[in-house]
2 protein chains.
Amino acid sequence: MTTAGSESRSAQQEDPCRTREVLDIVGDKWSLLVVRNLSQGPRRFTELKRAIDGISQRMLTVTLRSLERDGILTRTVRNVMPPHVSYELTPMGKTLRQATAPLLEWSTIHLAHIDAARATYDARPDTSPA
Amino acid sequence: MTTAGSESRSAQQEDPCRTREVLDIVGDKWSLLVVRNLSQGPRRFTELKRAIDGISQRMLTVTLRSLERDGILTRTVRNVMPPHVSYELTPMGKTLRQATAPLLEWSTIHLAHIDAARATYDARPDTSPA
DNA sequence: CTGCATCCTCCTCGATACTG
DNA sequence: CAGTATCGAGGAGGATGCAG
């Protein structure tokens, strides 16, 4: 696009608010967990329900619908009794999974540090050294 | 922990819910925008307020506090009149910025595709081919 | 098994007004 | 300039019951 960034000073500031868009897609409570659980191949509704601890049926349905709508995953219905529905990442979904990997890795590395920082912060009196 | 994952099949599934932790830290509406705006160096409160379109004073304050608590950025007060406060990413904050880069890049590449996928999805009759 | 509809609760966030 | 306090609306998300 036109964001090629010919200037050096704004190389990391392509445009003002793509960040918002990304969060609208996967910034909710469950989407990334679903994507993560599908990264190893197709899964059925109940499998996901069990794998993602704490998610309600409602939220799983809502989240899957949203991701399907965005083209992140596909929903395949086998018209049998009992119903059999499986979900699978699209190619784009897989690239998303890969794009989130660095962030996950970052968390793995730094979470302990963050925990420590919080403890330090909470222990501060700060408000009035005068 | 015991989740060391010596098996190959779960190489990308180190543990069940780091994802949740990350979202707790930067999954809110403004954190990533603040981090992004600090990636080019220290900024003052009002500068951030202007740079991040739509953020309220309250949310900027709350977001900055949270990020400071997590050790993502530092808050430096110059005790003068009028007050002068500047915020700057810590080394850890800078690594976070880098970890989010792939996700931003992903969005730049795929947002149009997602838009198209949504349009297609919304145009579907699907509900009753029977 | 998979999914929808409803109700209800809590938390996030915005608007406003006030302080040092 | 920087920040706090309070209020209120809105949406996310949990619980439950029903249906194909």
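Per chain, numbering begins at 1; letters A, B, ... match sequence-line order. Please read all numbers here as calculations on a predicted model, not as lab measurements.
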In whole Å, I'd like the distance from the [atom1] atom of [X] to the [atom2] atom of [N].
X     : N      : atom1 : atom2 : result
A:R43 : C:dC1  : CZ    : P     : 16 Å
B:F45 : C:dG20 : CZ    : C1'   : 15 Å
B:Y87 : D:dA2  : OH    : C1'   : 7 Å

For this session: Indicate whether OP1 or OP2 belonging to C:dC1 is found under 4.0 Å from a side-chain N or O atom of A:R44.
Result: no
Problem set entry | Sequence neighbours excluded - ring-ring contact (aromatic ring centres under 6.0 Å, His included) pairs with any residue from residues 53-106 of chain A | A:W106-A:H110
Seminar exercise, completed: Heavy-atom contacts, protein to nucleotides 4-20 of chain D, under 4.0 Å, summarised as B (base), S (sugar-phosphate only) or - (none) per nt, yield B-B------BBB----B
Please name all residues satisfying salt bridge (Lys or Arg N to Asp or Glu O under 4.0 Å) with [X], sequence neighbours left out, ordered by chain then number.
X      : result
B:R118 : A:D70
B:R44  : none
B:D122 : A:R69

Problem set entry | side chain to side chain donor-acceptor pair (under 3.5 Å) partners for B:S31, two or more places apart | B:D28
Exercise. If you round to the nearest 0.5 Å, how far is CG of A:L32 from CG of A:L103?
Worked result: 8.0 Å
Problem set entry | Sugar-phosphate, base or nothing in reach of A:R75, heavy atoms under 4.0 Å | sugar-phosphate
